[in-house]
Number of protein chains: 2
Amino acid sequence: MNENNLQKRKKTPPAGKLKIMDSLRSLLETKEFGAITTAEIAKTAGVTEALIYKYFNDKRDLLHQVLREYLEEYMVRFGLDLKGIKGSLNKLRKLIWVHFHTYSSNRVFARILLIEVRNHQDYYASETHKFVKKYADMILDIVEEGMENGEIRSDIPAKMIRQGILGGIEHICLTRVVFGREIEPDVLTDDLCELIFSGIANRGK
Amino acid sequence: MNENNLQKRKKTPPAGKLKIMDSLRSLLETKEFGAITTAEIAKTAGVTEALIYKYFNDKRDLLHQVLREYLEEYMVRFGLDLKGIKGSLNKLRKLIWVHFHTYSSNRVFARILLIEVRNHQDYYASETHKFVKKYADMILDIVEEGMENGEIRSDIPAKMIRQGILGGIEHICLTRVVFGREIEPDVLTDDLCELIFSGIANRGK
DNA sequence: TAGTTTAGGTTATTAAAACTCACTTGATCT
DNA sequence: AGATCAAGTGAGTTTTAATAACCTAAACTA
């Protein structure tokens, strides 16, 4: 009973719930969320439709929880990836690369984040969205650190810089995700960093 | 009859169609598209639901046509706004300002473009989307012109530069649109241009 | 000018999809 | 042994997008 309590927090979720989430993930590989029906989700999960509503408030909540799992996983990785890197610009470069790489290797995750959740008000109030905010904060911290140590100009608002970085990444990936085109982290990172770090104005005379 | 032919192309659309489009525009001021029902649209238009399907293939087609009207209007304006400006960077600056200003003064337009259409495959194949592509081409032309005349570095792909600009603008506006916050073209343009033109790296030694 | 077509619109219905409710079954606690 | 509970089901209800069939008045044609 005591050890039961210990396990209580991380008790493995019931089989049905897992199957439902897996089912949606798999369907999202070929279809957009709006075109996936609850009947379809239940069927490929081998479960009844009603069970979805046992574990999720509604269809979008299911989507949010799927996204959330991805986010939890990737946030941990992101933190580790930045460890041991010296220099704010170097950190930003690494972060951009990892961001591209993550989208590149998990299209479903990219789809959800770039396309499927944005258009619903309640996403921005959701628990899931907090992870995204935490990530955005991380970027802001790096930028501010760079301003303090002199690596980064401090006459552009840090938040604007963050938005430039995120906006760039996401706009680049959006069309690629929509049309199923390849995302190449290496070249994209080089080009985007060149753009963000040095600007487009030709200063070579 | 002959003069009838002349007018045929630009005949004013029937009252019902106009009322339906107005109705959606007005509803979009307070609600997201997904939460607006066809019944609601018809009711505020003072028209029956079936009439919507006389003039539009489906609910999304109505949305696309509303967006299209905005785009037609703004594209003309954009072309004029750039006339008489010397220098590619100056043109880009003006374009960015106008872009911000347009979103700032027409939130419904901004909403549709930033939030409501992206998540549907068929938008990217629609007639409406061609206007957006035309706009994107315009930016690309300016960038390439700048590369030729030496104002803009040519070691970053022009398309990457375009994506940086558009991505920056849209990411900046997205949160503001979602949360109904103000968009201030003047300061945003200054900051974004500084970022894009000169980069964030501190080069003052 | 009588007859026919057409544009603009409506009434009534359908089909599909999201969501609910009342219930079963088997395991666990006391 | 009886109560409680978690996991899951079957059979609905409701909402909403979409259609089909029909009406009416104006415009065209012969």
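We use all heavy atoms of the structure for the numbers below, so side chains are in, but hydrogens, waters and symmetry mates are not. Throughout, a chain's letter reflects where its sequence line sits, starting with A, and its residues are numbered from 1.
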- Note on the structure: Applied to residues 85-106 of chain A, the salt bridge (charged side-chain N to carboxylate O under 4.0 Å, His left out) test, sequence neighbours excluded, yields A/Lys91-A/Glu145, A/Arg93-A/Asp190
- Are any of the side-chain heavy atoms of A/Leu192 and A/Phe100 separated by less than 4.5 Å? yes
- Message: At under 4.0 Å between heavy atoms, how does the protein contact nucleotides 11-25 of chain D? Give one character per nucleotide, 5' to 3', with B, S or -.
- Response: -----SBBBB-----
- Item | Interface residues of residues 18-32 of chain A with DNA chain C (non-hydrogen, below 4.0 angstrom) | none
- Query: Which whole-number value in Å describes the distance from B/Ile52 CD1 to C/dG8 P?
  - Reply: 17 Å
- Query: Hey, does B/Tyr55 reach any base, or is it just sugar-phosphate, or nothing, if we go heavy atoms under 4.0 Å?
  - Reply: sugar-phosphate
- Whole angstrom value for the distance that separates P of C/dA18 from CG of A/Asp61: 15 Å
- Item | Results of side chain to side chain donor-acceptor pair (under 3.5 Å) for A/Glu170 - residues two or more places apart only | A/Tyr103, A/Arg118
- Taking only residues two or more places apart in sequence, or in another chain, which ones meet A/Tyr135 in a ring-ring contact (aromatic ring centres under 6.0 Å, His included)? A/Phe78, A/His99
- Partners meeting side chain to side chain donor-acceptor pair (under 3.5 Å) with A/Ser126 (sequence neighbours left out): none
- Task: For B/Arg176, check side chain to side chain donor-acceptor pair (under 3.5 Å) against everything at least two apart and list the hits.
- Result: none
- Item | Contacts of type ring-ring contact (aromatic ring centres under 6.0 Å, His included), residue B/Tyr74, not counting sequence neighbours | B/Phe109
- Contacts of A/Thr44 meeting side chain to side chain donor-acceptor pair (under 3.5 Å) (sequence neighbours excluded), chain-then-number -> A/Ser23
- Rounded to the nearest Å, what distance is computed from the CZ atom of residue B/Phe56 to the P atom of nucleotide C/dG9? 11 Å
- Query: Within this structure, what is the CD-to-P distance between A/Glu40 and C/dA17, rounded to whole angstrom?
  - Reply: 9 Å
